Amino acid sequence: MRSVKSRLLQEKIAKLLMQLSGIIITGSLFFIVGTILYKGLPYLSWDMISKVPQGGFYIGKEGGILNAILGSLYLASASTLLATLIGIPIALYLNIYVKKGSSLARSAKLLFDVLFGIPSIVYGAIAFSIMVFLGIRASLLGGIITITLLTIPIVVRTLDELISTIPQDLRHVTASLGATRWETARVMIKYIKPGLFTAILLAFGRAIGDVAGVLLTTGFSDNLPKYIDEPTATLPLAIFFQLSSPIPEVQGRAYASALVLTSIILIIVLCSHILASKQKKHKI
Amino acid sequence: MINRLVKDKIAQRLSQGLLGITSLVIVLIVVGLVWKALPLLSEFSIGSILTESVWAPLKGKFGFLSFILGTIWVTLLSLIIAVPLCILASVYLVEYASDRLRNMVLPLVNVLAAIPPVLYGVWGVLFVVPLLGTYIAPIFGISSTGYSVFAGGIVLAVMIFPIMVSIMVEVLNTIPYELRAVSLSLGATRWETIKHVILKKAKPGIFAAVVLAISRAFGETVAVLMVCGNIPQIPKSIFDAGYPIPALIANNFGEMMSIPLYDSALMFAALLLFVIIFGFNLISRLILNKLEAKY
């Protein structure tokens, strides 16, 4: 048996290492946001967020990235809406109509879990091939379809977790009052409402930040999208393209665009955090 | 009354249909990938595609070895960095930290998960690449631009922090309190309890978390693409540029579709990713589900 002293020393060292790892992991968040803030802030101007690219924007002349900001918002809103409309019924179906623990319920849940992990580049590649096959050109529509496919698993999975937090009693009570399963579902939705918005925000955040999926499917354009079948700029792609430019001014704009995207994401996270704490207190 | 039952039935059929369509999409994805990859597979044997390293689509040579090795290098490096850090941090959060600290740190980790890949890429270009190129590589007497598999590994490690920490914390939370109490009452220090009792008990869960992180790392495209150089070569040191499979698809899709077998080769790459990730995901999910059912 080693001496008590050396055992206690070991304990101290281990604890120190653990604290250090914790600091590194949490610190990396502030570090990333800090780096983007530090580099992007000097280049951020009102022009950047209120104007579309003018001639020669990508060689450092006038203009902004309004087209990309709006393009991203259109894309993310439309696909989140679609994914929610498809995802909510699926999640409810799996929890209410299908018997709990049945092989259908289990395999469907596993399927969505696994789908959740499939990288967006694979979705993008498939969607692109289908678009080529059907003769659809790169457009807002193509992007919306791809991102919708990507976000459905997120919606289903988070909702599934939310629904599992609903007390069983609620189901029994509604059932004993003679409600049909559909009516039970409506009560459940009311119960998880704040959490539902969190899930939607989460999907929206994922949708607005995704690059690999839109890289092949939305194309890129300097104009604001007027119709759904037009190519559209998105914020992550604008960052990506500007960053690969050799001109320092354009690179700086990439940093500023990254800052805009970071702000959008942080606002979303903040909102979902507030809603999540509401869910904890929320009772019917 | 009948009206309500009809409504119920309609809702059931409708959601059933949506589930069916969604599952069908998955089947379509797989069928599409295989169908598009078939021309390449009928021309070359799968063995030679996976083991040859010459990538020259114009000359009809499609060797995936350098891409596969690029992916493996980046993934391994990120795991070497992330796994120990995440295990230590999650053990600390569960075993030592106060509730207040835990409630502060875990949401922050979730914010990290919400940051889009492209922002990780920007951070990589702004910070990791110059750091490696100007400061760290010279220490080893290597000249490097910094765009390397090492940079990819670091960026990826930070990206997989959140998924690993959140799963590991969940796994550690499932370990019954009595186990700790018994070990501590026998005179073990807390660290000894963690080392000999808790980590041993949590092993399958931690393994599952790592496997899940691997599958995330494998498919990560844009952040890695931005920092790892993208030269189709077999990386010889961690400061060499590499070219992971997802980057290959992203960089080349849509261009040069007229070159024979090129798009087939890229779809094969996507299929490869899909199969590997699907497999990894499935394994870790099965382990995690089993653990969940147990406790």
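In what follows, every chain begins at residue 1, and chains take the letters A, B, ... in the order their sequences are listed. What you see is a predicted model; the values in this text were computed from it and never measured.
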| request: Over all heavy atoms of both residues, which pair between A:P153 and A:L115 is shortest? Give the atoms and the distance, please. | output: CG-CB, 3.8 Å

| said: Quick check: do A:S129 and B:M267 have side-chain heavy atoms less than 4.5 Å from each other? | reply: yes

| Heavy-atom pairs under 4.5 Å with chain B, option from A:L94, A:L215, A:T184, A:I32 with the top count | A:I32

| said: Quick check: under 4.5 Å, non-hydrogen atoms only, which of residues 211-219 of chain B neighbour chain A? | reply: B:R216, B:G219

| field | Trace of the salt bridge (charged side-chain N to carboxylate O under 4.0 Å, His left out) decision for B:R190 with B:E95 | value | CA-CA 8 Å; B:R190 283 175 102 167; B:E95 303 295 328; 5.8 Å; no

| Shortest non-hydrogen contact from B:V122 toward B:M226 | N-CE, 3.8 Å

| task | With a 4.5 angstrom heavy-atom cut-off, could you sort out which part of A:L29 is near chain B: side chain, backbone, both or neither? | result | both

| So what's closer than 4.5 Å to chain A heavy atoms on B:F278: side chain, backbone, both or neither? | both

| query | Which region of A:F30, side chain (C-beta onward) or backbone (N, CA, C, O), has a non-hydrogen atom less than 4.5 Å from a non-hydrogen atom of chain B, or is it both or neither? | reply | side chain

| note | In terms of heavy-atom pairs under 4.5 Å with chain A, the winner among B:I10, B:N110, B:L18 is B:L18

| said: So, taking the atom named CZ in A:F128 and the one named OG1 in A:T218, what distance separates them when rounded to the nearest 0.5 Å? | reply: 11.5 Å

| query | Checking heavy atoms, do the side chain of B:T22, its backbone, both or neither come under 4.5 Å from chain A? | reply | side chain

| message | For a side-chain contact (heavy atoms from CB on, under 4.5 Å) check, start with the C-alpha distance between A:I36 and A:Y255, then their side-chain angles and the critical distance, and finish with the verdict. | response | CA-CA 6 Å; A:I36 292 173; A:Y255 308 150; over 6 Å; no

| query | Under a 4.5 Å heavy-atom cutoff, which of A:L237, A:I86, A:V33, A:L20 has the most pairs with chain B? | reply | A:I86

| task | To the nearest 0.5 Å, tell me how far B:S183 OG sits from B:L186 CG. | result | 6.5 Å

| field | Residue selection (most heavy-atom pairs with chain A, distance under 4.5 Å) from B:V111, B:V158, B:L273, B:I115 | value | B:V111

| field | B:K36 to B:S264 - nearest heavy-atom pair and separation | value | O-OG, 2.9 Å

| request: Rounded to the nearest 0.5 Å, what's the gap from OG1 on B:T189 to CD1 on B:I194? Could you check? | output: 8.0 Å

| remark: Given A:V114, A:L92, A:T35, the one with more heavy-atom pairs under 4.5 angstrom with chain B than any other is A:V114

| query | Who wins among A:R206, A:R157, A:Q251 for the most heavy-atom pairs under 4.5 Å with chain B? | reply | A:R157

| remark: Pair count under 4.5 Å, heavy atoms only, with chain B: among A:A138, A:A14, A:A127, A:G87, highest is A:A14

| request: Report the distance from atom CD1 of B:I163 to atom CE of B:M168, rounding to the nearest 0.5 Å. | output: 10.5 Å

| request: Enter the distance from A:L216:CG to A:S120:OG here, rounded to the nearest 0.5 Å. | output: 9.5 Å

Please list every donor-acceptor pair under 3.5 Å in which a side-chain atom of residues 259-273 of chain A meets a protein atom from a residue at least two apart or in another chain.
{"residue": "A:T262", "atom": "OG1", "partner": "A:A258", "partner atom": "O", "Å": "2.6"}
{"residue": "A:S263", "atom": "OG", "partner": "A:L259", "partner atom": "O", "Å": "2.6"}
{"residue": "A:S272", "atom": "OG", "partner": "A:I268", "partner atom": "O", "Å": "3.3"}
{"residue": "A:S272", "atom": "OG", "partner": "A:V269", "partner atom": "O", "Å": "2.9"}

| query | For B:L225, is it the side chain, the backbone, both, or neither that has a heavy atom closer than 4.5 Å to a heavy atom of chain A? | reply | side chain

| Options A:I118, A:I130, A:L149, ranked by heavy-atom pairs under 4.5 Å with chain B, top entry | A:I118

